[in-house]
Every structure is written in C-alpha cells, then in structure tokens.
Amino acid sequence: MEIVARERRGPILTPSSIPCLRSLPTINITQGCSLGCTYCYIKSYRDYPGPDRVVLFTNTAALVAEELKRKRKRPERVYFSPSSDAFQYLAEVQQATYETMRALLDAGVEVAFLTKGFVTDRFLGLFEKHAHLVHAQVGLTSLDHTIWRTLEPRTSPPDHRVQTMRALVSIKLRVTARLDPLIPDVTDASPAVDSLLEAISASGVTFAAASYMFLRPAFAKILASTLKRLQPDQQPEEWSYQEFTDGRSGGQSIGEQERRERFARLADIGRQYGITVSPCRCKNPGLADGSCHIAGSVHRPTSIAVQPDLPFA
Ligand code: SF4
C-alpha cells in the first residue's frame with residue numbers, strides 16, 4: 001500500500017453533507033482507504049486515489065488544534081470518518097488518527113467513530129481517560145472468514161472486532177454495532193446471524209444498526225458477480241434501484257417490503273439476545289424513523305458556546 005503524504009488546506013471542522021451526519025463536522029484522516037472493502041462506495045468518487053494508495057493528510061491534528069483555539073463555538077462532537085476508516089492498519093494512519101482524536105478529546109470535544117479496523121491498546125488508553133466523550137460503532141456482518149476475506153479483505157478479522165467491542169465496553173464507552181451491508185440469505189440467514197448476534201451480545205453491546213447491500217451503479221456488475229461467487233443462488237442483477245433518504249444516491253437492492261420483513265425477523269432474533277436491531281434510516285427511507293447511532297447515541301445541539309478567551313486545553 002502506497003502512502004502519499006499531503007498537507008490539508010482550509011477549514012477542517014465543517015459540517016458534513018451526508019444526511020445522517022449533517023449536524024456535525026466529520027474528519028477523514030485519509031483520502032481513500034487501505035481496508036479495501038469490495039462494496040465500498042468511495043471507489044466511485046472523483047478523488048479516489050485507487051485501491052493500492054491512500055493520501056494521508058499529515059497536518060490534520062495541528063489544524064484541529066488551531067481551529068479549536070480560534071473558534072468561538074466549538075463543535076460538540078466530531079465524526080470519524082465518512083469516507084475512510086480512521087483505524088486502518090497502517091502505522092502512519094494510526095498515528096495521525098491518535099493525534100487528531102487526542103487534540104479533540106483533550107479540548108473536551110466528543111469523538112464518534114464507525115470502524116472495521118484496528119483499535120489498538122494505545123487508543124483504549126486514550127479513550128478510557130475520556131470515556132464520557134467517546135461514541136463507538138463497530139461494523140460487523142458475519143463471523144465467517146470466507147465472507148470476511150471476500151468482502152473486507154484488509155479489515156480486522158471478525159473475532160477481533162468482537163474483542164474490540166468487548167474492550168470498548170469494558171472501558172465504559174457507548175458502543176453500538178453496525179450490521180451493514182447484510183446480504184440476503186447469506187449473512188442474515190440462520191444460524192449464522194444468530195451466532196453473530198450472540199457474539200455481539202456477549203461483548204456487552206445492546207444495539208445494532210442494520211442495512212442491506214446496495215449495488216452502487218459505478219461498480220454494480222463486479223459486486224454482483226462477487227455476491228454470486230459467495231452464493232450462486234443470489235440474483236442481485238434483478239434487484240431494483242432504491243433511493244437513499246438524500247434523494248441523490250442509492251443503488252440496486254432488495255425491495256422495500258422484503259427489507260421490512262427481513263428487518264422484522266432480525267429484530268426478533270436480536271431480542272432473543274438482548275439486542276435492539278434497528279434499520280439505518282439514511283438507506284431505508286420509509287422503513288426507519290429512529291437513529292442508527294452512527295455518530296453517537298444522543299441528539300444534542302450541534303455546538304456549544306465557548307468563551308473567546310478560553311484557552312485550548
Ligand atoms: S472500511 Fe469503510 S471506507 Fe474503508 S474500504 Fe471499507 S467501507 Fe470503504
């Protein structure tokens with residue numbers, strides 16, 4: 001994996017355009033992502049650097065620290081990372097993430113993240129010191145290693161992600177799981193999904209957001225053939241185009257009624273293990289009205305007033 005170091009310019013703590021995250025600033029530590037999920041939507045972005053390269057912004061932590069010093073209103077919470085994973089296995093990325101999150105947490109700003117990556121002991125130490133400020137969501141759809149290798153080849157292994165949930169819960173963080181993207185009759189089938197929810201429950205997590213696979217137009221064909229390799233009965237080419245809440249993006253997926261039934265079944269299974277399973281609202285307009293907690297568990301105002309002369313801690 002090639003790492004291209006680059007300096008970031010301009011303001012960094014600005015709101016996201018992603019509907020679920022519109023109310024708070026988001027930070028990408030890298031442009032591109034080394035974890036290489038086969039279904040990842042960033043591959044269709046104009047500035048995607050390619051599968052074997054990430055652009056690492058080397059001055060993110062410094063910019064965050066400067067902006068927090070200057071801002072009259074600090075953001076209450078910052079989300080990592082809408083178009084990359086903050087916990088990629090690359091040491092340089094881990095270091096940049098650590099410094100950036102530490103700058104925020106030391107200043108009293110909450111940090112929320114969704115990851116399929118590697119949350120090391122160093123981060124656990126940092127998060128433990130600021131447990132009340134950290135919201136974690138860990139993505140996991142299957143405990144099966146063939147599925148993991150096929151769909152998410154460079155992410156943290158499934159059992160390791162369950163351990164990550166357990167470790168984060170043990171230091172008193174608010175931790176949720178994300179079952180996304182589920183594949184009908186593969187990752188949502190019994191007994192696989194029962195084992196998955198049982199393992200998540202044993203880690204101490206009690207909430208899981210869920211969503212099904214969407215084939216984005218830019219790489220629908222290649223992803224459809226990957227799904228057929230996993231299970232020859234799959235017929236993703238027959239899925240119809242479904243719009244997300246933003247009305248601008250979407251992809252081919254199973255129909256709304258079928259998703260409704262499958263979510264209801266997942267919710268029933270989740271209940272057996274003490275887990276609330278709730279559909280992701282952004283991708284399932286008409287099916288969900290709650291929050292999938294992608295950016296933390298509590299809705300609060302987007303910013304808090306900061307005295308102009310308050311020193312940056
Ligand atoms: S971890 Fe997220 S951003 Fe990275 S490749 Fe996978 S889906 Fe894309």
Side-chain angles (χ1 to χ4, degrees), residues 1-4 16-18 20-21 26-57 60 78-94 96-97 100-101 112-120 123 135-142 144-145 147-158 160-162 164-165 168 176-183 187 208-220 222-223 226-227 230 244 249-251 253 280 282-283 292-295:
M1 182 65 54
E2 183 190 357
I3 301 177
V4 179
S16 165
S17 59
I18 296 175
C20 310
L21 303 171
T26 63
I27 294 178
N28 281 304
I29 296 294
T30 57
Q31 187 178 308
C33 180
S34 62
L35 299 188
C37 303
T38 53
Y39 50 78
C40 182
Y41 57 87
I42 66 170
K43 286 184 285 186
S44 59
Y45 286 7
R46 213 161 19 98
D47 57 5
Y48 177 60
D52 302 318
R53 182 181 304 149
V54 291
V55 176
L56 172 63
F57 299 109
T60 304
V78 172
Y79 176 79
F80 295 75
S81 307
S83 309
S84 60
D85 197 299
F87 299 94
Q88 295 169 50
Y89 57 87
L90 303 164
E92 296 88 337
V93 175
Q94 290 259 333
T97 299
T100 307
M101 287 186 173
F113 61 82
L114 161 63
T115 186
K116 284 174 272 191
F118 302 81
V119 182
T120 61
F123 282 98
H135 305 255
Q137 192 167 73
V138 178
L140 185 61
T141 58
S142 171
D144 182 286
H145 275 223
I147 293 172
W148 164 55
R149 282 278 177 223
T150 306
L151 295 181
E152 302 166 346
R154 293 192 290 262
T155 58
S156 156
H160 188 267
R161 274 184 258 172
V162 173
T164 297
M165 290 184 215
L168 294 169
T176 57
R178 187 168 198 86
L179 320 179
D180 183 16
L182 290 165
I183 306 170
T187 52
S211 196
Y212 276 87
M213 180 72 80
F214 284 84
L215 308 182
R216 310 286 183 130
F219 49 92
I222 191 158
L223 187 48
T226 305
L227 297 185
L230 274 175
F244 296 158
S249 49
S253 187
C280 159
C282 277
K283 293 182 187 163
C292 66
H293 300 319
I294 190 169

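Atoms within a ligand are numbered from 1 in the order they appear, just like the ligands themselves. Each residue takes its place number in the sequence, starting with 1.
Within the protein, the N, O or S atoms sitting under 2.8 Å from atom 6 (Fe) of ligand 1 are Cys37 SG.
With ring centers used as reference points, Phe113 lies 6.0 Å or more from Tyr79.
Near Ser84, the atoms of ligand 1 lying under 4.0 angstrom from a non-hydrogen atom of the residue are 3 (S).
No side-chain donor from either of Ser84 and Gln31 sits under 3.5 Å from a side-chain acceptor of the other.
Using a 4.5 Å heavy-atom threshold, the side chains of Phe118 and Arg161 count as separate. Side-chain contact between Leu168 and Val119 is present, with at least one heavy-atom pair separated by less than 4.5 Å.
Using bins of under 30°, 30° to 60° and over 60° for the plane-to-plane angle, the ring pair Tyr45/Tyr41 lands in the tilted bin.
Taking the ring axis of Phe219 as reference, the NZ or CZ atom of Lys43 stays within 45° of it and closer than 6.0 Å to the ring centre.
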